[in-house]
Each structure stands twice: as C-alpha cells, then as structure tokens.
Amino acid sequence: MPELPEVETMRRGIDPCIGMRIKEVEIVASPRRPIKISPKPAALRKRLRGTTIVGTDRAGKRVVLLLDTQDHLIFEPRMTGLVLLTDPPSQEHLRLRLQLGRNTQLRGVRELELLYWDRRGLGLVRLMSPSEFATAFGTERLGPDALGTTADILAERLGDSRRAIKVALLDQRAVAGIGNLYAAEILHRAQIHPATPCRRLRTDAWQRIAAATRRILAAAIRYEGSTLSDGTYRNALNQSGTYQNHHQVYDREGEKCRRCRKHEVRRIVQAQRATFFCPGCQIR
DNA sequence: ATTAATGTTCAGAA
DNA sequence: TTTCTGAACATTAA
C-alpha cells in the first residue's frame with residue numbers, strides 16, 4: 001500500500017538522518033523469517049558501517065538513502081514495509097536497525113536509529129553502487145515520476161496501448177509511483193472510466209488525468225498518505241496518515257459517490273485487482 | 001476450519 | 001512486442 005505519497009512521506013520523515021554516521025548495523029532476521037536483503041548480511045554490514053548519510057531520495061515507491069561512499073541504500077516496502085525513526089508497530093517484524101549517532105534535530109529522541117519494519121516481509125532492502133542503481137532504476141525500468149507528469153508524457157507513453165487506463169497507470173515503466181488506491185482516485189477526479197482503453201483517450205482526457213495525478217498525489221502527501229483499515233501504513237514516527245478521510249471512491253463500494261452524491265460507488269476487478277469508480281461520474 | 005482477499009513486483013507464459 | 005498470470009509473503013475477514 002505504500003504508493004508514492006506514503007513513500008514520499010517516509011522519505012521526508014527520515015530527513016533528520018542526513019549528516020549522521022551509521023555506527024552499527026543490526027540485521028534482525030530469524031531463520032523462519034529471513035530478511036530480503038542484498039548483498040548478504042556480512043557484506044552489507046561491512047559496507048554500511050562507518051558511512052555517513054548525505055541525503056535521501058525516492059525512486060518511484062522506494063526510499064533511497066544516499067551515502068558518502070556513493071552507495072545507495074534502497075528500501076522497497078512493497079505491501080507492508082515501513083521505514084521508521086522510532087517506535088516500530090511491533091518488535092516482531094523488525095528487520096533492520098541502523099544505529100546512528102546522537103540526534104540534534106528531533107525533539108524527544110536521543111539516540112537516533114533508522115528502522116526497517118515489515119509485517120509481511122515482501123519488501124526488500126538493497127545496497128547498490130551508482131551503476132547498479134542506474135541499471136535498476138534507469139528510464140528503461142522506471143518511468144518519469146508521477147508527481148511531475150504531464151498530458152504529453154502520459155499520451156506519449158500510453159497513447160497507443162490497448163490496455164485499460166486503470167491497468168496502464170499501474171505500470172511503473174510508464175509512470176512511476178501510482179498504485180491501486182491512487183489510480184482509482186485519479187480516474188475519478190479526471191472523470192474517466194477505468195476500463196477505457198488508452199488508445200481511445202484524446203488530448204483533453206490525458207490533460208485531465210495528468211492534472212488529477214499531480215493534484216491528488218500532492219494532496220495525499222500533504223495529509224501524509226493513506227492509512228487503511230488494516231492500519232499498517234505509518235509515517236517515520238509511527239503516526240497514521242489522514243488522506244483516507246478524503247478518498248472519493250477507494251474502498252467505498254456501495255456508498256454514495258462524494259462528487260455527485262447520487263450514484264453508488266462500484267467495485268470491479270481488473271488485472272486481478274479491485275477497481276473502485278462512480279458509474280455516474282466516470283462514463284465510458 | 002478452510003478460503004478468499006489484500007497490493008507490489010518480477011519471471012515466465014500466452 | 002505486448003499483455004497477462006502466478007508466486008512471493010502474512011494476516012484477517014468471511
């Protein structure tokens with residue numbers, strides 16, 4: 001569920017780490033629940049210990065830690081991963097602990113540490129050289145960031161596709177950062193039916209989709225992302241987001257559309273995932 | 001008590 | 001080439 005707004009919120013939340021040195025690396029993996037990391041624990045520990053965090057970044061739905069060695073430490077939360085500064089939801093699913101020096105910026109926290117917690121354990125932690133990073137997340141593998149997308153970018157990359165627009169928006173090589181939740185909200189705001197084939201969309205439709213993408217993602221970041229009913233997603237300080245209170249269609253099957261207040265939100269399945277839309281506002 | 005559903009990514013098939 | 005399917009995994013709701 002961490003999509004672009006949630007991952008961006010995590011990234012901003014760990015900014016107090018910038019300038020700090022990694023004193024100790026603790027890989028918390030039980031044999032039953034091995035953490036998915038590369039390189040192997042010993043090599044990872046060796047390459048991380050003593051390095052200084054010089055910046056943070058985001059590659060689609062991944063948090064990137066920039067190190068003074070030029071290495072990139074990637075956190076890919078997938079479903080239930082969290083990057084935290086304090087207070088993990090439970091000790092049980094803690095996967096990685098980076099002990100940093102004493103903190104000077106964050107009130108109430110003495111020893112700063114960076115934690116990776118992951119309930120389901122589908123997420124990945126990877127340390128990469130600049131060239132490995134470039135191959136893994138270059139333009140071949142990851143499209144332009146959704147926050148800065150335009151009608152031209154979308155039409156150029158998806159305009160000829162026969163896929164349904166909802167499915168295409170989830171393609172990270174086309175545009176990076178949109179997931180199932182925000183795809184639904186974006187198409188609702190743009191008033192496009194999720195099953196519309198991309199190649200049937202005209203310029204005005206692409207413009208509405210691009211504008212809705214920028215607006216919705218930016219708003220969701222302002223509200224620090226969406227914490228759904230399972231409560232998994234939290235920011236770096238283990239606090240819930242609040243954008244779920246602004247959802248128009250996602251997970252609202254059978255409820256009245258918040259835009260037209262007339263039709264009930266419908267749920268269909270596309271590419272084996274749930275799609276929510278308003279049959280009144282999003283005509284085919 | 002079993003089964004379905006949840007969402008992201010990738011390998012491999014159609 | 002493009003699009004689709006299933007697996008990885010944990011937990012909960014039905």
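So you know, we letter chains A, B, ... as the sequences are listed, proteins then strands, and number each from 1.
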Q: Can you tell me how far P in C:dA14 sits from the matching atom in B:dG7, rounded to whole Å?
A: 15 Å
Q: Can you name the side-chain contact (heavy atoms from CB on, under 4.5 Å) partners of A:Thr242, sequence neighbours left out?
A: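 Expected list: A:Tyr223, A:Asn245.
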Q: Taking the P atom in each of B:dA1 and C:dC9, what is the distance between them to the nearest angstrom?
A: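 24 Å, rounded to whole Å.
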Q: Given atom CG of A:Leu228 and atom C1' of C:dA13, what is their separation to the nearest angstrom?
A: 15 Å
Q: Rounded to the nearest angstrom, tell me the gap between atom NE2 in A:His93 and atom P in C:dC9.
A: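 The distance from NE2 of A:His93 to P of C:dC9 comes to 14 Å, rounded to the nearest Å.
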Q: Can you name the side-chain contact (heavy atoms from CB on, under 4.5 Å) partners of A:Arg163, sequence neighbours left out?
A: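 Listed in chain order: A:Leu158, A:Ser161, A:Val167, A:Ala168, A:Asp171.
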Q: Could I get a table of every N or O pair under 3.5 Å where one atom is in the protein and the other is in nucleotides 2-4 of chain C?
A:
unit_1	atom_1	unit_2	atom_2	d
C:dT3	OP1	A:Ser161	OG	3.0
C:dT3	OP1	A:Arg162	N	3.1

Q: What is the distance, to the nearest angstrom, from the CZ atom on A:Arg120 to the P atom on B:dT6?
A: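 Nearest whole value for this atom pair: 11 Å.
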Q: So, using side-chain contact (heavy atoms from CB on, under 4.5 Å) as the criterion, who are the partners of A:Asp152 when residues are at least two apart?
A: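 Partners of A:Asp152 under the side-chain contact (heavy atoms from CB on, under 4.5 Å) test: A:Thr150.
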Q: What would the secondary structure line of DNA chain B be in dot-bracket form, counting Watson-Crick and G-U wobble pairs under 3.5 Å, with [ ] for pairs that cross earlier ones and | for pairs with another strand?
A: .|||||.|||||||
Q: Rounded to whole angstrom units, what separation is found between the CD atom of A:Glu92 and the C1' atom of C:dT11?
A: 11 Å
Q: Return the set of residues passing side chain to side chain donor-acceptor pair (under 3.5 Å) with A:Trp117 (not counting sequence neighbours), or none when no residue passes.
A: A:Ser90
Q: So which pairs with a foot in residues 137-173 of chain A pass ring-ring contact (aromatic ring centres under 6.0 Å, His included), sequence neighbours left out?
A: A:Phe133-A:Phe137
Q: To the nearest angstrom, how far is A:Glu6 atom CD from B:dG7 atom C1'?
A: 12 Å
Q: Check every atom of C:dC9, B:dT6, C:dT11 against the side chain of A:Lys36 and return the nucleotide holding the closest atom.
A: C:dC9
Q: CG of A:Asp251 versus P of C:dT12: gap in Å, rounded?
A: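 Rounded to the whole Å, the gap is 17 Å.
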Q: Tell me the interatomic distance from A:Trp117, atom CH2, to C:dA10, atom P, rounded to whole angstroms.
A: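 So the CH2-P distance, A:Trp117 to C:dA10, works out to 13 Å.
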Q: Show me the side-chain donor-acceptor pairs of residues 187-202 of chain A shorter than 3.5 Å, one per line, residues at least two apart or across chains.
A:
unit_1	atom_1	unit_2	atom_2	d
A:Gln191	OE1	A:Arg259	NH2	3.2
A:His193	ND1	A:Ala195	N	3.0
A:Thr196	OG1	A:His193	O	2.7

Q: Between A:Glu24 and A:Arg49, is the closest basic N to carboxylate O distance under 4.0 Å?
A: yes
Q: Quick test of your reading: applying salt bridge (charged side-chain N to carboxylate O under 4.0 Å, His left out), list the pairs with at least one residue in residues 37-46 of chain A, sequence neighbours left out, ordered by first then second residue.
A: none
Q: Does A:Ala271 reach a base, just sugar-phosphate, or nothing at all? Heavy atoms under 4.0 Å.
A: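 No contact at all - A:Ala271 keeps every heavy atom at 4.0 Å or more from the nucleic acid.
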Q: Under the side chain to side chain donor-acceptor pair (under 3.5 Å) test, which residues partner A:Tyr182, sequence neighbours left out?
A: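 A:Tyr182 satisfies side chain to side chain donor-acceptor pair (under 3.5 Å) with A:Glu6, A:Ser226 only.
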Q: Each nucleotide in nucleotides 8-14 of chain B should get exactly one letter: B, S or -. Can you fill that in based on protein heavy atoms under 4.0 Å?
A: BBS----
Q: A:Arg126 and side chain to side chain donor-acceptor pair (under 3.5 Å): which partner among A:His72, A:Glu76, A:Glu132?
A: A:Glu76
Q: Going by the rule side-chain contact (heavy atoms from CB on, under 4.5 Å), which residues pair with A:Asp71 if we only count those two or more places apart in sequence or in a different chain?
A: A:Arg47, A:Leu67, A:Thr69, A:Leu127, A:Ser129
